[in-house]
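Only one structure is covered here, and it is reproduced in the block below.
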Amino acid sequence: MPSEGRCWETLKALRSSDKGRLCYYRDWLLRREDVLEECMSLPKLSSYSGWVVEHVLPHMQENQPLSETSPSSTSASALDQPSFVPKSPDASSAFSPASPATPNGTKGKDESQHTESMVLQSSRGIKVEGCVRMYELVHRMKGTEGLRLWQEEQERKVQALSEMASEQLKRFDEWKELKQHKEFQDLREVMEKSSREALGHQEKLKAEHRHRAKILNLKLREAEQQRVKQAEQERLRKEEGQIRLRALYALQEEMLQLSQQLDASEQHKALLKVDLAAFQTRGNQLCSLISGIIRASSESSYPTAESQAEAERALREMRDLLMNLGQEITRACEDKRRQDEEEAQVKLQEAQMQQGPEAHKEPPAPSQGPGGKQNEDLQVKVQDITMQWYQQLQDASMQCVLTFEGLTNSKDSQAKKIKMDLQKAATIPVSQISTIAGSKLKEIFDKIHSLLSGKPVQSGGRSVSVTLNPQGLDFVQYKLAEKFVLKLYPPLCSQKQGEEEVASHHEAAFPIAVVASGIWELHPRVGDLILAHLHKKCPYSVPFYPTFKEGMALEDYQRMLGYQVKDSKVEQQDNFLKRMSGMIRLYAAIIQLRWPYGNRQEIHPHGLNHGWRWLAQILNMEPLSDVTATLLFDFLEVCGNALMKQYQVQFWKMLILIKEDYFPRIEAITSSGQMGSFIRLKQFLEKCLQHKDIPVPKGFLTSSFWRS
């Protein structure tokens, strides 16, 4: 049996003995008990003896060869020799009094030296105590190492738990953030859904509003169309009423003339076999009838078609009455003539019988008048209603001049500057009108319209508005209308330039006319001022032939006729005709053109019906040498195509009337040196009648012009 096993069994047996179960005090030396007493007592082992047996004895056996020592001597030498005590500093320090293994390691050096002297007294006790102390040290070191490992393990666990807690906190924060994000998403979805619903509801309301607005617009448009239609019907009714009223006045005038002729037949009363009083009574009744119709029509605003028909029947009856009376007078005169002839024959025969047969010549029979009816004389003066219209326009123009007289005559420098800026703002855009492009024309129109509407416009690098002066709008309207008319020709000081512009660029009238027509439609007062200027510069556009009055200066009369007079010098006839031609062309272009961007539902403020009136009135007046032929040619060349489309058959009848009845009158008063205008008109009219068409005038604004 090996020595290691025996030692272990011995130690185990000793531990089980009575003394082995006794308590061992490590500080027995400090109590200064008698060593001999200790030696006499039974030995006892410390609880650390097992460590000595397990660690020290095997070490000693490894150092001694098995052949030299026996198992019995091994244990004895192990106790006798102090070589098993560790030589390391740790071991030596464990036996020192200052070692931390001793309970009172903090005591002074004297006490340590005393302890060493006591320990060295017994080598065997020292060895056992060293073993015990070593075992305690090792056990303490092991405990310390275990504690360190346990602490490290706890620290690792704490760190792991901290990391796990941190990760769990992160997961919790992430979960919380996710939850908040989800709640935010849900809230945003709810808000978006509510927003979509609100937008949908809003769009629905907008759609309903648009639908209602569309319905209202349709109703308003229908109401406006109805109003326009009613206004047009009212206007037509008034025009028809005025025409009927004028016709009634004409019928009454003719009736009175016939009544005067009826009264003039009183001189033939002795010849008549019928009662003349019956004719006169009936004539008076018919005159009273027409007077009653006119009186009733005046009370009810305008006459009706039945009233006009009744008046026409009365006039026909009056004509028949006068015709019957004329036939009676003719028969009575024939009877009287035959009776006188018979009496003359009887007297002649009696004289022949008394004087004898003599050569006798029969008196010739009275000559008959020329067959066919004579043409009635045309008018020299314009109709009263036209003259009233002309005078109203001139009065309105003069009133406009008086309105802004304070601005023109002001001595204030600021007022003069405003007047100059307004005049430039009104005249410069009109000067820029040309046939270049429709877009440029629209810019000019918008600028003029903005100026007349009170909006500020740029002129000469400055902002100009009619609101700068209370009289600014009247001043701008007057100057603008004047510039529209003067655009076709410059003043007399630059007459040559005007001749070239009007003679060579007749098509320039169309862009001016379309802008003037558009401004006229939006600003009616400007249109009235344009007409006033046009009538003043060209009285033939009324048509109106001024008459020379007694006491009037010749220069003033020439100005009334449209001539330009400067320093007692009158312009030449060719220049005069060119200017009149240009203004008639402007008038003919205005009445047929409309601004393409305006309201097409509105009627033209001065349309083709005024052109028809002008043509009819000038044909009812005696022609003027060289002037009438020139104006008719220019008017028909510019406006003939539009009148042909508007009035169709009636227009062709009027052209035939001009050719058959009016041409001879013009030719009769035209000298050989002035036949150029008459021949030009005649050739133009014959060509149109031959081809049954009037060509579109040169320079007419087509749709391609407005797209340019």
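Just so you know, residue 1 is the first one in the sequence shown, and it goes up from there.
Take E224 and apply the salt bridge (charged side-chain N to carboxylate O under 4.0 Å, His left out) test, not counting sequence neighbours, and it matches R227. Checked against salt bridge (charged side-chain N to carboxylate O under 4.0 Å, His left out), E312 has no partners two or more places apart in sequence or in another chain. Taking the salt bridge (charged side-chain N to carboxylate O under 4.0 Å, His left out) definition, one finds that D626 meets it with nothing, sequence neighbours left out.
The two residues A513 and L593 make their nearest non-hydrogen contact at CB-CD1, 4.1 Å. Of all heavy-atom pairs between E622 and Y545, the closest is O-CE1, 3.2 Å. M644 approaches F651 most closely through the heavy-atom pair CA-CD2, 3.7 Å. Summarising the geometry of F510 relative to K698, their closest heavy-atom pair is CE1-O, 3.3 Å, with the distance given to 0.1 Å. Nearest heavy-atom pair across Q646 and L608 is CB-CD1, 3.9 Å. Nearest heavy-atom pair, M560 versus P546, reported as atom, atom and distance to 0.1 Å: O-CG, 3.4 Å.
Distance check, rounded to the nearest 0.5 Å: CG of L636 to CG of L631 gives 10.5 Å. Annotation: the span from L624 atom CG to I618 atom CD1 amounts to 8.0 Å, rounded to 0.5 Å. Atoms CG and OH, from D395 and Y390 in turn, are 10.0 Å apart once rounded to the nearest 0.5 Å. Atom CD1 in I530 sits 13.0 Å away from atom OH in Y478 (nearest 0.5 Å). Note: R559 CZ to L561 CG = 12.0 Å, rounded to the nearest 0.5 Å. Distance check: L554 CG to Y563 OH gives 11.0 Å after rounding to the nearest 0.5 Å.
When side chains are defined from C-beta on, P543 counts as touching R613, because their heavy atoms get closer than 4.5 Å. When side chains are defined from C-beta on, M583 does not count as touching Y540, because their heavy atoms never get closer than 4.5 Å. Annotation: side chain of L534 is not in contact with side chain of F484 (no heavy-atom distance under 4.5 Å). Side-chain contact between V627 and M580: absent, with no pair of heavy atoms (C-beta onward) separated by less than 4.5 Å. I669 is not listed as a side-chain neighbour of F678, based on a closest heavy-atom distance of 4.5 Å or more. In this structure, M318 and I290 have side chains that are not in contact, with every pair of non-hydrogen atoms separated by 4.5 Å or more. Side-chain contact between P596 and V514: present, with at least one pair of heavy atoms (C-beta onward) separated by less than 4.5 Å. Residues P623 and Y662 are in side-chain contact: their nearest non-hydrogen atoms beyond the backbone lie under 4.5 Å apart.
Using modelled atom types, one side-chain atom of S291 and one backbone atom of C287 make a donor-acceptor pair closer than 3.5 Å. The backbone N or O of E571 sits nowhere less than 3.5 Å from a side-chain atom of Q564 that would complete a donor-acceptor pair. Without hydrogens or angle criteria, Q394 side chain to H535 main chain gives no donor-acceptor distance under 3.5 Å.
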Sequence neighbours excluded and cut-off under 3.5 Å, please list the side-chain donor-acceptor pairs for residues 681-696, or say none.
from	atom 1	to	atom 2	distance (Å)
H691	ND1	K687	O	2.9

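Residues in residues 636-658 take part in these salt bridge (Lys or Arg N to Asp or Glu O under 4.0 Å) pairs, two or more places apart or across chains: R585-E637. Counting only residues at least two apart or on different chains, the side chain to side chain donor-acceptor pair (under 3.5 Å) pairs with a member in residues 509-526 are H449-H523, D474-R525, Q477-R525, S517-H604, E521-R594.
E232 and R235 are joined by a salt bridge, as a carboxylate oxygen and a charged side-chain nitrogen come within less than 4.0 angstrom of each other.
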